[in-house]
2 protein chains.
Amino acid sequence: MGRAKLKIKRIESIVDRQVTFSKRRNGLLKKVYELSILCDTDIALIMFSPAGRLTMFSGKNSVEDILTRFLSLPQHQRGIMCNQEFLQTTLQKLNYESSLASQCSSSSSRSSISKNIEDLCNEIKKCKIQLEETKKRLRVFEGDVSEITSMNEVEDHEVRLNEALNQVIQKKKTLEGKCRISEVPSNDQIVRLIQQENFCRD
Amino acid sequence: MGRAKLKIKRIESIVDRQVTFSKRRNGLLKKVYELSILCDTDIALIMFSPAGRLTMFSGKNSVEDILTRFLSLPQHQRGIMCNQEFLQTTLQKLNYESSLASQCSSSSSRSSISKNIEDLCNEIKKCKIQLEETKKRLRVFEGDVSEITSMNEVEDHEVRLNEALNQVIQKKKTLEGKCRISEVPSNDQIVRLIQQENFCRD
DNA sequence: GATGCTATTTATAATGT
DNA sequence: TACATTATAAATAGCAT
């Protein structure tokens, strides 16, 4: 892409590297965003610029939420994590700190306390709205039909339920047949596939 | 990109969604890989497919190293750097205009403030736990079957989905009666019935 | 360093097999 | 059903500000 084809190897010039990083980072963020919306998927992206600056992205769920989901997977699905316990502890601590500890002990001025409280209240509000939306969506799947009023809605729900049911039936068949565990492709595999320009398929 | 311009919104068809996910995931992995080489940077990407399958990628350092680096940053840095300029949703706006905020700024003594903060934090924690549980239940209904591991669970979900589907179909009939539209069984329904019959014969 | 501008390369939506 | 092809949209390398 661009005036000339670029070899994929470390860019030696610091300036060029920084420029390329800045441009490609934006492109990458856009693509991650698009994928998360198009496919309604949990994606988390964490990157450090050559200068060590952090950029992170996640879709509708927070990076912490996705990391939590990631870390709570059975180990064989996630691959080998050497310092899993450290991460899990840290993440728990983080979730706790982000709400309780740091807020309570480090504030020194009235305004920063107010600001903290405001942040917390916003977080609660956000959480509750999210919870209510999630519950509402769940209700339909659990047979509560009272909030449906139009033909479009019923049909939409019918389609979704059928899709979900098909998935579950597929899963049942899988479980009944051989109990094969889906392998998670490793980094090395991914890199190899990318270099071969023959990528893995889902 | 492609024959036609695509609107960035959730793809409703489960098949199309899966296909798009698969293609775009490969594109994304390639771009992440290239950026990590070109700019010699730490990048971690974690994503869950619509079916709940995990894909993760990182450059020269492992995902857990990058997560460790990420989690060991001071919280304010993580917060400030958060790059979600693509996600200016109405929900976030709602949160900002939240009326709760005003309720939060009236305490006067230090200890009562601390108490309030603690309460708020506990509420957030409770909310988040509840939210995570609800999301988990919802995931199954939305076709992510990855967290089901036992036969009992699949069968339980199958029963629940069938019940919900019957409710929805009943509701549809009611609405159809009101609208005087004659009923035609959907393709999905027919497919499902066939699959169930085949299934029962075993 | 960031931004804007093309000429090109690259990614991919729709289609074909 | 899944994989290959193609026409088109999108990203971006090299330059110029």
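Below, chain A is the first sequence line, B the second, and so on; all start at residue 1.
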Shortest non-hydrogen contact from Ser13(B) toward Asp16(B): OG-N, 3.1 Å
Rounded to whole Å, CG of Asp16(A) lies from P of dC15(D) at a distance of 10 Å
Quick one: side-chain contact (heavy atoms from CB on, under 4.5 Å) partners of Leu131(A), sequence neighbours excluded? Lys135(A), Cys127(B), Gln130(B), Leu131(B), Thr134(B)
Sequence neighbours excluded, which residues qualify as side chain to side chain donor-acceptor pair (under 3.5 Å) partners of Arg139(A)? Glu132(A), Glu147(A)
Which whole-number value in Å describes the distance from Leu29(A) CG to dA10(D) P? 18 Å
Angle of first-five versus last-five pair axes in the helix from dA2(C)-dT17(D) to dT17(C)-dA2(D), to 10 degrees: 30°
Pairing residues for Asp156(A) by the side chain to side chain donor-acceptor pair (under 3.5 Å) criterion, not counting sequence neighbours: Arg160(A)
Within the distance-only criterion (no hydrogens, no angle test), does the side chain of Ser36(A) pair as donor or acceptor with the backbone N or O of Tyr33(A) below 3.5 angstrom? yes
Determine whether more than 12 heavy atoms belonging to other residues, nucleotides or ligands lie under 6.0 Å from atom NZ of Lys5(B). no
How many Å lie between CG on Asn166(A) and P on dT1(D), as a whole number? 11 Å
Look at the side chain of Arg17(A) and the backbone N and O of Ile11(A), then say whether any donor-acceptor pair between them is shorter than 3.5 Å. yes
For nucleotides 10-17 of chain C, 5' to 3', base contacts (B), sugar-phosphate-only contacts (S) and non-contacts (-) with protein non-hydrogen atoms under 4.0 Å give SBBBBS--
Under the side chain to side chain donor-acceptor pair (under 3.5 Å) test, which residues partner Glu34(A), sequence neighbours left out? Arg24(B)
